[in-house]
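Please read the structure below before turning to the comments.
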Amino acid sequence: MKTQEIAQQLVLGSSSVYRHELLRRLQMPFEVFSPEIDETPLVNERPDATALRLATAKARAVAAVYPDALVIGADQAAVLEGIQLGKPLNHMNATRQLHAIRGKKVTFYTALSLFNGRKGRIQARLVASEVKFRHFTDRQIENYLQKEQPYHCAGSSKSEGLGIVLIERVVSDDPSALVGLPLIALVEMLASEGVEIV
């Protein structure tokens with residue numbers, strides 16, 4: 001990076017350890033700050049629109065604490081046959097979600113925002129990942145949930161962990177998007193802010 005870019009702090013607005021791990025791949029220094037925002041979808045709001053709105057809201061919330069930084073916000077929504085699958089939060093809901101998605105296709109919309117506090121400029125991008133799930137058994141569902149406990153993952157599918165065994169196929173322009181942080185899009189966004197990574 002150029003000298004002037006090093007001076008502008010990079011902040012990831014997320015509590016997800018998996019997003020932290022993805023961002024570390026770019027081998028550049030960054031801070032982490034977890035924003036506290038209401039993630040409830042608005043009435044009649046499309047899942048992809050919800051994800052974009054929340055990613056932007058997270059970036060802006062963190063920018064209020066780091067006003068001179070480049071702030072990354074991200075969010076994800078899972079959609080099965082037009083219905084949004086939220087975070088299950090408990091074992092019973094996760095079991096229901098996994099029963100519903102087995103053998104079917106689920107679209108994961110991963111939204112990414114980059115807010116440049118120095119310039120007051122925000123970029124936002126949406127990356128879709130189509131996931132075809134295997135015809136896993138009830139026993140596999142129970143074993144997976146006991147081992148992984150993906151209760152804070154949209155659709156109960158933690159592909160960055162043991163959940164990968166539930167998946168038959170993934171179609172996406174960005175393989176990192178399904179985990180929650182589309183790095184290909186992020187590299188392009190950072191470049192437009194003058195940040196050269198290599």
Side-chain angles (χ1 to χ4, degrees), residues 1-37 39 46-79 106-131 152-155 157-161 163-164 167 169-198:
M1 291 187 294
K2 300 172 186 175
T3 303
Q4 65 188 43
E5 289 143 5
I6 291 174
Q8 189 164 14
Q9 193 174 24
L10 182 66
V11 182
L12 174 63
S14 176
S15 59
S16 167
V17 296
Y18 299 102
R19 287 189 178 120
H20 301 176
E21 289 172 2
L22 283 171
L23 188 54
R24 284 192 194 103
R25 290 188 193 177
L26 301 186
Q27 299 184 29
M28 54 193 304
F30 66 93
E31 299 291 324
V32 175
F33 186 86
S34 181
E36 296 295 329
I37 66 166
E39 297 190 16
R46 294 189 329 269
D48 56 341
T50 300
L52 269 174
R53 177 177 59 81
L54 293 178
T56 299
K58 290 175 183 178
R60 289 189 181 279
V62 175
V65 181
Y66 295 88
D68 194 49
L70 283 168
V71 180
I72 301 165
D75 194 75
Q76 190 175 68
V79 181
V106 175
T107 302
F108 289 82
Y109 294 103
T110 307
L112 175 69
S113 288
L114 181 66
F115 183 74
N116 187 334
R118 187 173 290 173
K119 298 178 180 178
R121 178 170 62 200
I122 194 156
Q123 300 179 64
R125 189 91 53 93
L126 191 71
V127 180
S129 302
E130 187 178 89
V131 179
H152 293 278
C153 297
S157 175
K158 200 171 184 180
S159 64
E160 59 272 30
I164 197 69
I167 294 172
R169 181 175 63 254
V170 177
V171 178
S172 180
D173 290 335
D174 190 334
S176 55
L178 186 57
V179 181
L181 189 67
L183 292 181
I184 293 174
L186 179 59
V187 168
E188 292 174 0
M189 289 179 172
L190 289 169
S192 73
E193 298 298 340
V195 179
E196 297 175 7
I197 297 172
V198 291

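FYI, side chains are in, hydrogens and waters are out, and symmetry mates aren't considered; it's all heavy atoms of this structure.
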Review point. Does Glu193 pair with Arg118 as a salt bridge, N-O distance under 4.0 Å?
Key: no
Review point. Any side-chain heavy atom of Gln123 within less than 4.5 Å of one from Ser113?
Key: no
Nearest 0.5 angstrom please: [X] [atom1] to [Y] [atom2], how far?
X: Leu22; Y: Ser16; atom1: CG; atom2: OG; value: 8.0 Å
X: Thr50; Y: Tyr109; atom1: OG1; atom2: OH; value: 11.5 Å
X: Ile37; Y: Glu39; atom1: CD1; atom2: CD; value: 5.5 Å
X: Leu181; Y: Leu26; atom1: CG; atom2: CG; value: 8.0 Å
X: Glu160; Y: Leu178; atom1: CD; atom2: CG; value: 7.5 Å
X: Arg24; Y: Arg19; atom1: CZ; atom2: CZ; value: 14.0 Å

Practice item. In sequence, state the C-alpha distance, the side-chain angles, and the governing distance for Leu186 and Leu112, and then conclude on side-chain contact (heavy atoms from CB on, under 4.5 Å). Key: CA-CA 8 Å; Leu186 179 59; Leu112 175 69; 3.8 Å; yes
Heavy-atom pair with the smallest gap, counting every atom of [X] and [Y]:
X: Ile184; Y: Ser176; result: N-OG, 4.4 Å
X: Val71; Y: Tyr66; result: CG2-O, 4.3 Å
X: Ile122; Y: Ala59; result: CD1-CB, 4.5 Å
X: Leu183; Y: Asp174; result: N-OD2, 3.3 Å
X: Leu190; Y: Met28; result: CD1-SD, 4.2 Å
X: Ile164; Y: Ser159; result: CB-O, 3.6 Å

Point to revise | Distance-only donor-acceptor check, side chains Thr107 and Glu130, under 3.5 Å | key: no
Check your understanding: Is the side chain of His20 donor-acceptor paired with the backbone N or O of Ser14 at a distance under 3.5 Å, no angle test?
Key -> yes
Exercise for review: Would you please test Gln8 and Asn116 for side-chain hydrogen bond (donor to acceptor under 3.5 Å, both in side chains) and show each step?
Suggested key: CA-CA 9 Å; Gln8 189 164 14; Asn116 187 334; 2.7 Å; yes
Practice item. Quick one: do Lys58 and Glu36 satisfy salt bridge (Lys or Arg N to Asp or Glu O under 4.0 Å)? Show the steps, please. Key: CA-CA 8 Å; Lys58 290 175 183 178; Glu36 296 295 329; over 6 Å; no
Practice item. With side-chain contact (heavy atoms from CB on, under 4.5 Å) as the test, would you mind laying out the steps for Arg121 and Phe115 before giving the verdict? Key: CA-CA 6 Å; Arg121 178 170 62 200; Phe115 183 74; over 6 Å; no
Revision key, fill the gap. Which of Ile72, Val11, Leu70, Leu10 passes side chain to side chain contact (heavy atoms under 4.5 Å, CB included) with Phe30? Answer is Leu10
